[in-house]
Each structure stands twice: as structure tokens, then as C-alpha cells.
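A short write-up of the structure that comes next.
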Amino acid sequence: MGNQINISFKDVDGKPNAKVVEFIGDLDATNVESVLEKIVSLMDNGVVNIVADFEKLRYVNSTGLGILLHFSKLAKEKGGCFKIANVNEHVYEIIEIIGANTLLDIYEGLDEAVLSL
Amino acid sequence: MSEALQVFHFKGNLNADRVHEIEESFAGALADNQNFIVAEMSEVDFISSPVLGELMGCKRRLTERGGNLYLVGLNTENRNKLRLMGAEKIFEFLPTIRSAVLKYRWENEDKGDEITVTIPPALNFVPEMRSLFSGVALQKGYSKRDAFRIETIIDELCNNAVEHGARTPPQPVQVVCRIFRFHLEFSIINRNAATGGDGVAEIQKRISGGAPFDLNERRGRGIELVKMLCAEFSVSSENDKTIVKVIKKKEV
Amino acid sequence: MVDFPGDIDYIPLVRKFFANLINAHDFSRRFAFRTEIIIDELCNNTIKFGKPRIGESIKLSCDIQNDQIVLDIFSPRSMGVDIIKLKKAVEEKSGQKVAYESELERGIHIIKILCDDIQVFDKDDICIRVIKKREQGEEFVSLS
């Protein structure tokens, strides 16, 4: 058993093919596979517009960044989008250092990200 | 004990009539160019305001000379009393002479601490490993930002060490951390690497920028991230070991 | 295994490291907390009563097995731990009423209540070994 991460889903009013996904904990090599499964399964079931709420996401590593990029690509291929909101300063810095901020759709606040759907 | 530290043991009630005695002791030390003094107070029952005033004056005189006064072994009652008098803003209360020596060495002799952690080559040990080292950094006065970066460095390098190994039976992964006041040195030692000489050469190439960086490539991402977060980054092989060394400077 | 300076400031970090690992290996929150207490007492005793010299370090290893954990704490002989006093404290039966003369004895007593076995080995280094077995019917609850 590795580091725990919890994912919870919330509906978006008026948009049946969209969800807000809250990430709680650390996203690292020990739990990326389980997160990958859950989000890909969501997309396979027609939810192709996702807003990831990172308010309670404390930490992400390069493996975690990799799956975020994968989600972004997969959502676009399915005609949807993968947006990220409420990123803490430390996590944002890592995203920025690796250059992933130009490839990911990042919003400061959750409302802003949801409105843009 | 460090020769640079002068220890005075105080006992009993430090009433106002003892100010002169204390003043003379400190003056003697200063005259001998002893700029670092430990006031051992585990046998002190009571500290009066005039004595506290003298201690503060001594601290100021020592600090002006680049030195320090450490208060050690205060009992709970005296600590609380001194806190109420605002002394905590001026003095750090240390539990023992040994802790004062460690503090002196840390601040003045740049003597680092060494911590070594050895884990089985399994990913599920890595999160706690990185938390431990980021906790050490925070405890030793590094910023939250530095601690987070250290966590990232350890995570990426340990994940690499675990994921790219193929030895049977699997060998432990060892992280040696030497932490100093203004920088940390990490060595990640791995006997598992199936990479051998070619693998080390490939990593060296990535570190030196000789291989193009592709954000979508998993291994490249980790090495690129570590490269950006540290001041020095090198990899070598020695007998059957792959050793990755990283130096991270403290953010000022 | 964690090898760290003989400085009590490191103990909270080290005990949390092992407690979280133990919890992550499907031992209950209660078990992990009790192990944390055992580690705390072991390390504190070793540092306080061993009086390590500047630069000397403590080694703590934890073997996490399916039904138990085995903790070994090593300190160099040069640290000056009173082996006779330590062995006496370890061997004294827990059920006896003991007027604890020292913090060492209190610490060992707490460890003995919380663990299943404690032994002292005295060879090149001094090693205190503590075994704690998984309790029957324990349920896993994450610490996080």
C-alpha cells in the first residue's frame, strides 16, 4: 500500500458531461495508477469536461505531472477539456519549472474554471 | 565539548545580590576572549529581575562581538517566569549543555548533521522517505519552499532508483543526507541498477543537456526537474553501485 | 533503517517516519501510534542515558513483517549505556510493583506494556530489540 490520495466527484449544474474532481493528498508514483484508472473511466463514460480542484492537493511529482498531461491530451482527443484550479504555490512552481504550465489549462479559482466550460 | 564554549554552572537562588558575582564571571570570560558562554541553570531555583537584566546585558555584549549566550537546563517554573518577562524573544532555552554545543557547532563551525535512510527497493517507502528529509530541512531552518523542493528531489531520485532496477534479489536503496546551515548534500546509492555503464552514461548525458528534453518522457521529466532544483547534480558508477549526488543550496 | 545524530530533536521525525510506514503496511492506527511511543521511548532512553558524544549516531531499524514488526535500536558501546541497569530494567517482570528509581526504568516499563518481547544484545554495539505482534481483529485505518 502506498501513499493515499482521495478523489471525489461533484456534478456541474447544467452540464451532464462535466465534473469537478477534487484531489486530496499527494499525487506521486505510488498512486498515479489508481488515479489514472478513475479519471480514464470517467472519460470513457462520457464525462469529457473535467475541472480538477487542487485546493487540497499538497504535492505532485513528475509522474503525477505526466498523468495530468495525459488527461489533458485524452480529453482534447474526445472533444472535451481538462482544466486545473486552486493550485498551491509549491505545486505551481514545480509545474512551471518543468514547463507544463504552457500545456495545462490552469485557473486561479474553481469558479473561473467551471464558468469557462 | 567545544573549546570555544565557556560553561558557567549556576546554583540556588539568583537574587539581586548575586548580580555583581555574575557580572564579574562574564567580564572575566570576555577578557579572555571567550565569546560563547553557556549558562547552565538546572540547579537554579529562582532568577530575579536584576539577574535577568545582567544576563540580557551579557548576551548583548557577546552578540556585539559575534558571540552568544546560551541558557541551558532551566526548570519549568523558571522558563515560564522568563517567558512572562519577555526573555524568550532574546534567549533560546536549550535543554542541555550538549544541545548548546550542537547549536554552537551548527551556527559557527558549519558542522553538518548526517542522516542515512535505507529502504527496500519499493515505491511505497518513498513518500515517507521524502517527508522525513523535508521535515529535517524545515527543522534546521530551511524555508517551506526549500523543504518542498527537497521533497521533490528525493522523490524523483528514489523513484528512479526503485523503478529502473532489476537485480535479483532486489537490493536496498540508500539515501545519505548531510545537512549544513546553508546547503544540503544528498547521495542516493543504488545497487539495483540494470543500467550499468551505458545507463549511467545516458543519465549523465541528460544532466549535461546532451539529450533533448521531452516533457512526455517519464524518465527525462524527473531528471530535468531535479536539475532545475539543485545547484549540482552528478551520477557515477562504482563497482556495482550507481551513485547520484545532488547539492541543494539554501534559499536566502 | 535510519541512522541519525544522537540529538533528541530528530526523534519526532524518525518516529513519525516509522509509524507512517507501519500504517501504510496495513497495521492499524492504534498499532502505529503505540509503535511511535515505543520508538520515542527507545530513542530518548538511548540518547539521554547513553550520553552520545558529538558526532555519534543512533541506528534504528524496523523489519515490517505480515504479523509483527521487529525494532532494533543500536548504539555504540562508547556511548556509555549502563548495560547492567538496562538489562535489569528489561528483565524485571512487568507484573511486579516496582518503585521506579529512574526515568530509564519508567521508559522500559512503558515499552514492555506496549510490546510482546524486549531483549538486550550486547556485542559490538548495544542493541535493544522490541517485537510487537499484530493484534487479533485489528482493522486498518489510515493515519492520514
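Here is how names work: the chains are called A, B, and so on, in the same order as the sequence lines, proteins then strands, and each is numbered from 1.
Within the 4.5 angstrom heavy-atom criterion, no atom of B:Leu138 approaches chain C.
What you find for B:Ile115 and C:Pro5 is that their closest heavy atoms are CG1-CD, 4.0 Å.
Considering only heavy atoms from C-beta on, B:Val136 stays 4.5 Å or farther from C:Phe4 through its side chain.
Between the CZ atom in B:Phe133 and the CZ atom in C:Phe17 there is a gap of 8.0 Å [rounded to 0.5 Å].
Among the candidates C:Leu13, C:Leu60, C:Ile8, the residue making the largest number of heavy-atom pairs closer than 4.5 Å to chain B is C:Leu13.
In the displayed structure, B:Lys250 atom NZ is contacted under 6.0 Å by more than 12 heavy atoms of other residues, nucleotides or ligands.
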Are there donor-acceptor pairs under 3.5 Å across chain B and chain C? List atom names and distances.
| residue | atom | partner | partner atom | Å |
| --- | --- | --- | --- | --- |
| B:Arg98 | NE | C:Gly6 | O | 3.1 |
| B:Arg98 | NH1 | C:Pro52 | O | 2.3 |
| B:Arg98 | NH2 | C:Gly6 | O | 2.2 |
| B:Asp113 | OD2 | C:Tyr10 | OH | 2.6 |
| B:Thr116 | N | C:Asp3 | O | 2.9 |
| B:Thr116 | O | C:Asp3 | N | 2.8 |
| B:Thr118 | N | C:Met1 | O | 2.8 |
| B:Thr118 | O | C:Met1 | N | 2.9 |
| B:Glu128 | OE1 | C:Asn20 | ND2 | 3.2 |
| B:Gln139 | NE2 | C:Asp9 | O | 3.0 |

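Sorted by first and then second residue, the salt bridge (Lys or Arg N to Asp or Glu O under 4.0 Å) pairs involving residues 65-84 of chain B (not counting sequence neighbours) are B:Arg83-B:Glu88.
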